[in-house]
Amino acid sequence: MDILAELNPAQREAVEAIGGPVLILAGPGSGKTRVIAHRVAYLVKVCRVSPRRIMAVTFTNKAAREMETRLHRLVSGSVRDLTLGTFHAICARILRREGKAIGIDPRFVIYDEEDQLSLLKRSIQEAGLDPKQYAPRAIRSAITSAKSRLLTPQDYLESSRSYFEEVAGRVYERYQQLLTASSALDFDDLLMKAVQLFKQSPEILSRYQERYLHLLVDEFQDTNLTQYELVKQLAGKYRNICVVGDPDQSIYSWRFADLRNILNFEKDYPEAKLVLLEQNYRSTKLILETASYIISANQQRKPKELWTDNEPGELTTVVETYTEQEEAQFVVSEVERLVGRGEVNRGDCAVMYRTNAQSRALEEAFVRYGVPYKLVAGTRFYERREIKDIIAYLRLIQNSYDSVSLLRIINVPQRGIGQRSLSQLSNRARSAGVPEYRALQLIAEPTDKPSPPFSSRISRAMAGFVNLMEGLIARSRELNLVDLLDLVIESSGYKEYILGGLDGEERWENILELRTVAGQYRDLTPRDGLAAFLEGVTLVSDVDGLDESVDAVTLITLHQAKGLEFPVVFIVGMEDGILPHFKSFDDPGQMEEERRLCYVGVTRAKQRVYLIRAFRRSLMGSSTVNRPSRFLSDIPSHLITGGALWEGEDSLAATAMYSWNRASAPSLAVTELKAGDHIRHAEFGDGVVVSCQPVKDDEEVVIAFAGVGVKRLLLSYANLEKVE
DNA sequence: CGAAAGGCTCTTTTT
DNA sequence: GAGCCTTTCG
């Protein structure tokens, strides 16, 4: 198989430029993933580079898996030896192996954001501050920002320029101590500690530099300084580094991704070869044109010319509904209409939104009309309470210093160890300078006289917990992961606890689901299985769970949608305040990022784009009226079709929509009337049902009447007659 | 100690 | 509207 055969000249150039640094600027749909895969294949097959000596960094695990699949086709076998994964996963692996050199316990656990917040609260308190005055989230963000610039607490304190930063610095200091005491690393530590490791241990660094003859980094526009530093370290010897990115798709500045990395790359590697991928293979001409208009409104950007040989395709449909329920309903009916016409499958459609909260109304509509969908995040599986509880048990088995997990489950299910006892326990641990678990063991020792302030009842409860854990730890050395998990669930009493609680059955199902995941680790040694499982469940991303084989509509945030493509894309919430989000109003830089986000959404589409907004929407409980997104006005009207689906200021548009909707006739089977039905009303005459929606024990129908306009009526009073 | 109820505050995006 | 925290009562 000729690896270069199916590539265009620019792609080919990118694949063949293998000596020295390469910067690939790749527009959406320009075959960037393909280029990376082919480049790896080229290295292996043509240049005879051992896969062991190649590292490819992707943004999500899903992207890594995709790469793996592609490579299987291209080079088969040997893919196993590649180093392929996210920055976080790769760093975790390195630290597990080499971290000892800088004092990292190889059994370290990884704290996700929830764990991080809980430890931060403690840090704030222990720094003598009030968590209500200093929002843990704000401090977390400060710490993340420090870590993404490689600043230690000391560095950060020295550079602090405000009272808040000083406070944050002090908390950061304490937080870091607590992390160390817990043998834990947070997400940002994984990156920062890896860089520190290589800084402090040139021997280790040179071993890795030696090994990795070739490095590839995808989504380079979304890396932070620490990540870039790591890449530079690894590429220090051979300088064979290939980065791929698109400044116009940079949407993670809030995670301290830094676009300057792209500029600095050209400075740090002046000999770098630059390759532009400008031909788009994904979208129709009209979609690409629409997208170009949107992104061109950004001032801080280097213009670039994307083009495509694809068909012109359809105009972008812009629709305004009255509420977010109708917005959702429109999406569902439109999907069904397209499916009914045999144009697409449901799985070809995606609905994208700015905030996770928006998925709610959509989900309700999909459920109501029985249209299958898959929600990419939701309450993310691994963040569910019952899942995190079980994971906490497992973590504590692996690493009994893990205080966040200990405090999480010591009284779950209830063992009579309450808040008071816990803070006393923490105090004692702190003053004795030992981990909480050690303090517990001491209290639990039978020889101990009653040790005030713990009553004998409390001491007994604590001893019970220690015994439970000791038993689990002992058995963990011989049990495979599934058996260990079962033992945890049984012996801790968690099963009865969860089944007896709210939504017990559902939560229990989730635990069984976790058990299935654990099954994948069954064949590893008990020790490795546990470690690998814990790492896996912490470093997953939401899109990782996206299953393409299911024919259902995808509901997904715009951020998650990056890197994906769909024939039909609906972007909902096209309103000022939602997209762009109101938090970005006073910062032009952030506003440009919002625009890029919109651009990312539109450029996911292959065939059709719908930009939908609601006139009125309930946000945080109360109802708000938003103006149409300013991004809509960046699109010239000749690229747009559609209009309002309710009786708004623009009833002309409503009439236009009426005839448009007449042709749509979606098949929604919930009420007797459905959108698209033709009816007759005694007063208003003939009309077409635009939407129906249950309200209390009635049905609210929105009907477009010829010559009269759009009316909202209650079914029971309207006295409608169905016309065939 | 623990369950229940009421009150508070935020809500962007996520490896 | 939800999740978190505090208060209150048994």
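By convention in this document, chain letters (A, B, ...) are assigned in the order of the sequence lines, proteins followed by strands, and residues within each chain are numbered from 1. Being a predicted model, the structure only gives us computed values, none of them experimental.
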*Across the strands shown, which category fits Lys121(A) at heavy-atom distances under 4.0 angstrom: base, sugar-phosphate, nothing?*
sugar-phosphate
_At less than 4.0 Å, is any side-chain N or O atom of Asn356(A) found next to OP1 or OP2 of dT13(B)? Yes or no._
yes
*Just call it for Ser584(A): base, sugar-phosphate, or nothing, with non-hydrogen atoms closer than 4.0 Å on any strand.*
nothing
*Would you mind classifying the nucleic acid contact of Asn411(A) as base, sugar-phosphate or nothing, using non-hydrogen atoms under 4.0 angstrom?*
sugar-phosphate
*What does Gln590(A) touch in the nucleic acid at a heavy-atom separation under 4.0 angstrom: a base, only the sugar-phosphate, or nothing?*
base
_Sugar-phosphate only, base, or nothing, as touched by Glu113(A) at under 4.0 Å among non-hydrogen atoms_ = base
*Phosphate-side-chain proximity, Gln419(A) and dT6(C), N/O vs OP1/OP2 below 4.0 Å*: no
*Quick one: is dG1(C) close enough that its OP1 or OP2 comes under 4.0 Å of any side-chain N or O from Ser618(A)?*
no
*What class does the angle between the rings of Tyr208(A) and Tyr212(A) fall in, given that below 30° is parallel, 30 to 60° is tilted and above 60° is perpendicular?*
tilted
*asked:* With the criterion set at under 5.5 Å between ring centres and under 30 degrees between planes, would dT15(B) be stacked on Phe59(A)?
replied: no
*Would you tell me whether Ser618(A) and Ser623(A) have side-chain atoms, one donor and one acceptor, within less than 3.5 Å of each other?*
no
*For the side chain of His88(A) and the backbone of Leu539(A), is there at least one donor-acceptor N/O pair under 3.5 Å apart?*
no
*Which part of the nucleic acid does Phe582(A) contact within heavy-atom distance under 4.0 Å: base, sugar-phosphate only, or nothing?*
nothing
*Does Arg360(A) make a side-chain N or O approach to OP1 or OP2 of dA2(C) shorter than 4.0 Å?*
yes
*asked:* Return the pairing partner of dT13(B) with a 3.5 Å limit on both distances, Watson-Crick or G-U wobble; otherwise return none.
replied: none
